[in-house]
Amino acid sequence: MTRYDAGQAEPKWRKAWADKGCFETDTDGDSADTERPKYYVLEMFPYPSGRIHMGHVRNYAMGDVIARAKRAQGFAVLHPMGWDAFGMPAENAAMERNSHPAKWTYANIDAMREQLKAMGLAIDWSREFATCDPEYYAQQQSMFIDFLDADLLTRKEAVVNWDPVDMTVLANEQVIDGRGWRSGATVEKRALTQWFFRITDFAEELLADIDTLDGWPEKVRVMQRNWIGKSRGIEIPFALTESSAGMDAILCYTTRPDTLRGASFIAISPEHPLSIALSETDETVAAFREECRLAGTSEEALEKAEKRGINTGLSVAHPVYPDQTLPVWIGNFVLMDYGTGAVFGCPAHDQRDLDFARKYDLPVANAFHMPGESEDVGTEALVPTKAETVVYVDHFAGIGTTTSQEGIDRTIDWMEAQDMGKGQVRYRLRDWGVSRQRYWGCPIPVVHCPDCGVVPERKENLPITLPEDVTFDRPGNPLERHPSWKNTMCPDCGKQAQRETDTMDTFVDSSWYFARFCSPRAETPTNRAEVDRWLPVDQYIGGIEHAILHLLYSRFFARAMAKTGHLSEASVEPFKALFTQGMVTHETYSRLEKSDEGVEREVFFTPEEVTRVGEGVWTLKADGGPVTTGGIVKMSKSKRNVIDPDDIIARYGADTARWFMLSDSPPERDVEWTEAGAEGAARHLQRVWRLISEAAERAPQGGDGDNAAEDLRKITHRAIQAITDDIAAFRFNKAVAQLYGLTNAIAGFKATGKAADAALREAVNALTLLMAPMTPHLAEECWAMLGHKTMVVETDWPVADPALLVDDLVILPVQVNGKKRAEIQVAADESRDKVEAMALAEEAVVKLLAGASPKKVIVVPGRIVNVVM
RNA sequence: GCGGGCGUAGUCCAACGGUUAGAGACAGAGGACUUAAAAUCCUUCCAGUGUGGGUUCGACUCCCACCGCCCGUACCA
């Protein structure tokens, strides 16, 4: 018996698709594509790290299923691929190899492109680009200038982490215990003037429009809402009883002014101007500030919840009850960069304030109680949700029993009317700082002129390309120290001037690539006809780790592009539907080993290094010693549980990898890669091939056969319906299970005769077409074997015959008091009365009723009959 | 703390509020074929849905509480 040889068949079919340009999306108007409805499916483009991993395989397999199914279903599909190619790893690699980031990046792209192609993805490769291509970033620079003109950008000072040895800015994640991750030098805070996108101008719009994103997971929508973090509150000045450090009052921000009756102290941040002023004359304040500063940089987690403070000795008047005074404390828990850096403490309704008050023996007074209760707060603060109704105690604005939200709103109105404070809407969202003091990014196209100041580069001078003659043998930004690159002329006055040497955050690159795919070679950022046709992306697929930043930035960018005419208003939400897929996990193998210094640590082994010797028992091949199987965790280098997709494709073929990635686990959940599972997948694909080759060779048979042919037809058409629905709903695991079911039915089909021949033929044709989105190469091979002259990719999706989806006769269970007692066979559309009569006539039912009449008879058409007595 | 999700056979997973909880896969057991092995085929074991209430004629499914696990997020005033 011959076997399916994926290694031989897969390249053959990929070549056939490529030769025919099957996946190139025609947009030139002379193809049928423009007449068909459009469908844009996009997976988050990869960073060219060097090799694809199983997470990519899963991500792109899912997108490919959608792309292929939609194509077969008559859509003009846009399914492109590109590279998120700027970023630090390329610079690090250049440093290590004394090479150039571009060299490393493009070599990685070449390698990964081959790997992705080996997966057999239905991608329009003619649209490929990398964000580090000057052709791409030239357009980004052009848009940057448009954004500048449209006042979507601003320059302001921001504090950054500065590594004095590497002479570079570090991201927060690169600062470990206050030191640079690479140099180990103590990181300094430095204020630099940087570019910011004015995303906060869109805070309200970005928040409100989340409600329209009904194709997004609720989880992601919640995360975006929280990130934007809208709150309505009020700024209240608390007058100091005697002015200090030139201040007459402390301005506090609160979202709970309704609890002002319970205010018992003021807490200011150690970084508050008043704290700083006091520390100059008061040593204890200075010491406390120093303590807080150090604690801030070390592991906060270690001593979290420890709320500490010192009394300044100052006091303020209560704004509503002026004869009351409140002490002013400096609290380590008050953040300078949120609100005003000063809060009033209301211990009764804030656990943190309560802990603080109990510790330092400050008064606790309730501002409200729950209805029907009047106990005062003990060790737990009373913090009901804002929607809950509470009973205010002796409220200064005359509020009685109402929800907290109502209480807050009315208090703010009242206080504004009394001129006691200013109502405010605040957002947690900050403007998006995009300046990076790095080489491998998109240069910011502005010039610094001694006379004219900051001047945007002229568009005809774009792109401002990165110089190639740079080295990474010294710390710092190569653009900064390049001998000539930054010297230029002022676009306005023509005098000697200097280029900006900062480059853009790589999130900028990925914030509009989906639009560029619509016309990747256009000489403007977008071609309006093309983006209007293709956007929004109908289905976006990627990891949950991008739930906030990438997606929020893209939403902002689409709005900014609409404002500057690069997109239509209809596309301000760039991703109509979003799917976040789970991770690929694998078992880990490890043992504790002593290092030379005698320190015990966990050493991990790769799956190839261990052998399974029994149920859950593993040994190391090298020494035969036992290893423990650890958790099933995301594939990672540190846990050494990575399976290389190349190895899997070489051993079993791409279809097996795709099939297994889509089996079993629901796509949004994690999937565990197991050797046994992969082998099972490969075995199944062999079985399908064998069954179809047998069916293809089956000689026509005489005779009439029996009902089996009709049964197979029903199974076939039900599978068509179910799989079509499952794919559309991202239930790939169920679609796969259905395909197993159909395969089993075909394997068990032994009927002979003309009708049987036809039914079998129909079944194997359907099986082939239905499998094609998951295992496209195998499907082509089978399709050819079945004698078809065209390819599967040129063939329409099968359509279920509704007549075969319903049974004429159905068997209904008859329950008595919820327990099944009998069965009746009735016509599917039989009347209720008739069904009820038949059920009541059943011998078992008659017996149980024993002459009594039933209390109730429930007939669920096509489902069940329940007799209640 | 808060927010979200998940608890069903040894494992991964199914089950419009409806039959005796089972579509499918993995693993296990037995057998057939074979000189043998691989491959293939056949047969088969195993759970009553985390716990406790409630709603319902009927609950894996809906509601409430609790337990466990996972993810996200936070001194946000």
Side-chain angles (χ1 to χ4, degrees), chain A residues 1 3 217-223 225-227 229 231 233 252-257 259 267 269 296 300 304-307 331-335 337-346 349-353 355-356 381 383 385 426-428 544-545 547-548 580 582-583 612 615-616 632 659-660 663-666 668-672 674-681 683-684 686-687 690 718-719 722 731 733-744 747-748 810-823 854-860 862-869:
Chain A
M1 162 83 61
R3 292 169 58 78
E218 183 56 24
K219 183 190 172 88
V220 176
R221 303 204 296 169
V222 168
M223 285 165 80
R225 275 193 203 102
N226 291 343
W227 187 260
S231 65
C252 294
Y253 175 72
T254 180
T255 56
R256 296 305 300 264
T259 65
S269 164
E300 287 179 18
K304 68 175 174 193
E306 176 70 12
K307 283 146 194 65
N332 66 345
F333 59 90
V334 184
L335 304 176
D337 54 5
Y338 188 82
T340 59
V343 298
F344 74 79
C346 178
H349 305 297
D350 183 302
Q351 192 60 45
R352 187 187 50 209
D353 292 348
D355 294 346
F356 194 78
V383 192
T385 68
R426 278 179 187 269
Y427 299 91
R428 209 184 80 105
I544 187 76
E545 67 273 20
I548 297 173
T580 54
M583 298 179 302
R612 185 172 173 279
E615 189 69 26
I632 296 158
W659 181 257
F660 181 61
S663 311
D664 288 342
S665 288
E668 68 277 13
R669 265 191 244 172
D670 291 353
V671 64
E672 186 195 353
T674 61
E675 269 307 303
E679 274 165 23
R683 216 162 33 230
H684 175 71
Q686 287 292 345
R687 183 175 182 232
R690 203 172 50 245
R718 279 168 198 186
R731 294 184 298 245
N733 55 323
K734 288 180 67 182
V736 167
Q738 286 286 344
L739 286 164
Y740 272 109
L742 179 58
T743 307
N744 291 342
V810 291
I811 293 173
L812 290 187
V814 178
Q815 294 182 333
V816 177
N817 286 342
K819 277 206 140 144
K820 188 188 160 195
R821 298 294 181 184
E823 278 181 357
K855 248 191 228 161
K856 203 171 170 185
V857 180
I858 290 135
V859 179
V860 184
R863 282 285 182 190
I864 204 165
V865 182
N866 192 6
V867 179
V868 186
M869 55 181 279

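Atom set for the values below is all heavy atoms of this structure, side chains included, hydrogens, waters and symmetry mates excluded. A note on names: the letters A, B, ... follow the listed sequences, proteins ahead of strands, and every chain is numbered from 1. On a predicted model such as this, the values are computed, not experimentally measured, just so you know.
Listed nucleotides B:C13, B:G18, B:G24 differ in distance to A:I858; the shortest reach to its side chain belongs to B:G18. Closest to the side chain of A:V334, out of B:A77, B:U40, B:C13, is B:A77. The A:N733 side chain lies nearest to B:C13 when the options are B:A77, B:A27, B:C13. Listed candidates were B:G18, B:A25, B:A23. Nearest to the side chain of A:Y740 is B:A25. Checking B:G18, B:C26, B:A77 against every side-chain atom of A:T254, the shortest atom distance belongs to B:A77. The side chain of A:Q815 approaches B:U20 more closely than any other nucleotide in the set B:C6, B:U20, B:A27.
One finds a side-chain N or O of A:R683 lying less than 4.0 angstrom from the OP1 or OP2 phosphate oxygen of B:C26. Side-chain nitrogen and oxygen atoms of A:K219 include none within less than 4.0 Å of the OP1 or OP2 phosphate oxygen of B:G5. Between B:A74 and A:N226, no contact under 4.0 Å exists linking OP1 or OP2 to a side-chain N or O. Under 4.0 angstrom from either OP1 or OP2 of B:G3 there lies no side-chain N or O belonging to A:R221.
Using a 4.0 Å heavy-atom cutoff across all strands shown, A:P666 reaches sugar-phosphate atoms only and no base atom. When heavy atoms are screened at a 4.0 angstrom cut-off, A:E823 is found touching base atoms of the nucleic acid. Across all strands shown, A:V671 has no heavy atoms under 4.0 Å from either base or sugar-phosphate atoms. A:R669 comes within 4.0 angstrom of the backbone, heavy atoms only, and of no base. Using a 4.0 Å heavy-atom cutoff across all strands shown, A:N744 reaches sugar-phosphate atoms only and no base atom. In this structure, A:V222 reaches the sugar-phosphate backbone alone: every heavy-atom distance under 4.0 Å involves primed, P, OP1 or OP2 atoms, never a base.
At least one side-chain heavy atom of A:T674 sits less than 4.5 Å from a side-chain heavy atom of A:F660. Taking 4.5 Å as the limit, every side-chain heavy atom of A:V867 sits out of range of all side-chain heavy atoms of A:R821. Two residues are said to be in side-chain contact when any heavy atoms from C-beta on lie closer than 4.5 Å; A:F333 and A:D355 fail this criterion.
Straight-line distance between the C1' atoms of B:A37 and B:A32: roughly 16 Å, to the nearest whole Å. Taking atom C1' in both B:C67 and B:G53, the straight-line distance is 15 Å, to the nearest Å. Nucleotides B:G22 and B:U49 are separated by 12 Å at their C1' atoms, to the nearest Å.
Each of A:I811 and A:K734 was matched to the nucleotide of RNA chain B holding its nearest heavy atom; the match closer to the 5' end belongs to A:K734. Along RNA chain B, the nucleotide closest to A:D350 and the one closest to A:E668 are compared, and the more 5′ of them pairs with A:E668.
Residues passing the side chain to side chain donor-acceptor pair (under 3.5 Å) test with A:R687 are A:N744, sequence neighbours excluded.
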Whenever both distances are under 3.5 Å in a Watson-Crick or G-U wobble pair, mark it; put RNA chain B into dot-bracket that way, with [ ] for crossing pairs and | when the partner is on another strand. (((((((..((((....[...).))).(((((.......))))).....(((((..]....))))))))))))....

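A:V857 pairs in a side chain to side chain contact (heavy atoms under 4.5 Å, CB included) with only one of the listed residues (A:N866, A:V868, A:V865), which is A:V865.
Between A:H684 and A:Y740, the angle of the ring planes lies from 30° to 60°, which puts this pair in the tilted group.
Taking atom CZ of A:R426 as the reference point, atom P of B:C76 lies 15 Å away to the nearest angstrom. If you take CD of A:E679 and P of B:U11, they are 21 Å apart, rounded to a whole angstrom.
Applying the 3.5 Å distance criterion, the base of B:G24 shares a donor-acceptor pair with the side chain of A:D664.
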